[in-house]
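Reading through the structure tokens given below for one structure.
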Amino acid sequence: MAQIGNVTADQLIAGTSVLSRPAEEFENDPSLEAMWAMKAMEHAEVYFNILCSVDPKLLKLTPHDEQIYKTFKDTFPSMKVDKVDEDELKSLEGKTKWRFFCEQFKDVVEDYSFGTLLRADCTGDYSEQNSILTTRIQFYAIELARNRDGFNDGVRERFRPKRIVRK
């Protein structure tokens, strides 16, 4: 049976519904942390596969893309989205500004505060060195900006599976 640490695949599947419950109900539980990590990795894999298949400018990430993008650009007009500086993102000043941004979407975007992986450098894929844990709304805001501003354009060409041509 597949296992991650001390957590089996069956336990992960059974625990998926638990993840939607309020965080205040839980103490630091390693099995829950493993489930969050698995869910974040699944989201990252799906998103990266889509980026490798579709023109990023055509992607619609949520029904609220316009509002998220506009609010992000108004709140963070000079933020570099191609290479995100984790220290800047998670500094005291950054956390304060992001908290205000995120809370605007509390009742708008489902799972807005879920832990989600973001590629630090948008020219690379997800790896331990190139992944930052953010909230889902931060992921949406930065990826929408990357898609619309053309920073994700090269991903499809760089990472799409090579086709073998037989003669």
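This is a predicted model, so every value here is computed, not measured.
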*Output, in order, the C-alpha distance, side-chain angles, deciding distance and verdict of side-chain contact (heavy atoms from CB on, under 4.5 Å) for I132 and Q138.*
CA-CA 11 Å; I132 300 171; Q138 287 174 300; over 6 Å; no
First locate atom [atom1] of [X], then atom [atom2] of [Y], and finally report the distance between them rounded to the nearest 0.5 Å.
X    : Y    : atom1 : atom2 : value
Y47  : L61  : OH    : CG    : 5.0 Å
R146 : T123 : CZ    : OG1   : 9.0 Å
Q104 : Q67  : CD    : CD    : 8.0 Å
I137 : H64  : CD1   : NE2   : 9.0 Å
K97  : E93  : NZ    : CD    : 6.5 Å
L144 : T62  : CG    : OG1   : 6.5 Å

_For a side-chain hydrogen bond (donor to acceptor under 3.5 Å, both in side chains) check, start with the C-alpha distance between Y69 and N147, then their side-chain angles and the critical distance, and finish with the verdict._
CA-CA 10 Å; Y69 180 74; N147 291 345; over 6 Å; no
*Residue pair N130, D121: steps toward the side-chain hydrogen bond (donor to acceptor under 3.5 Å, both in side chains) verdict*: CA-CA 6 Å; N130 195 39; D121 180 345; 5.8 Å; no
_K39 bridged to D111 by N-O distance under 4.0 Å_ = no
_Short N-O contact, R136 and E143, less than 4.0 angstrom_ = no
*asked:* Show the nearest heavy-atom pair for residues G124 and F48, with the distance to one decimal.
replied: O-CE1, 4.0 Å
_If you take the centroid of each ring, where Trp contributes its six-membered ring, are F105 and Y140 closer together than 6.0 Å?_
no
*Begin with the C-alpha distance, continue with both residues' side-chain angles, and end with the deciding distance and a verdict on ring pair (Phe, Tyr, Trp, His ring centres under 6.0 Å) for F139 and H43.*
CA-CA 11 Å; F139 167 86; H43 180 267; 4.9 Å; yes
*Honestly curious: do V108 and F100 fall in one hydrophobic cluster under the side-chain, below-4.5 Å linking rule?*
no
_Ring geometry between W98 and F101 (parallel below 30°, tilted from 30 to 60°, perpendicular above 60°)_ = perpendicular
*Could you point out which residue of K73, K60, R148 forms a salt bridge (charged side-chain N to carboxylate O under 4.0 Å, His left out) with E66?*
R148
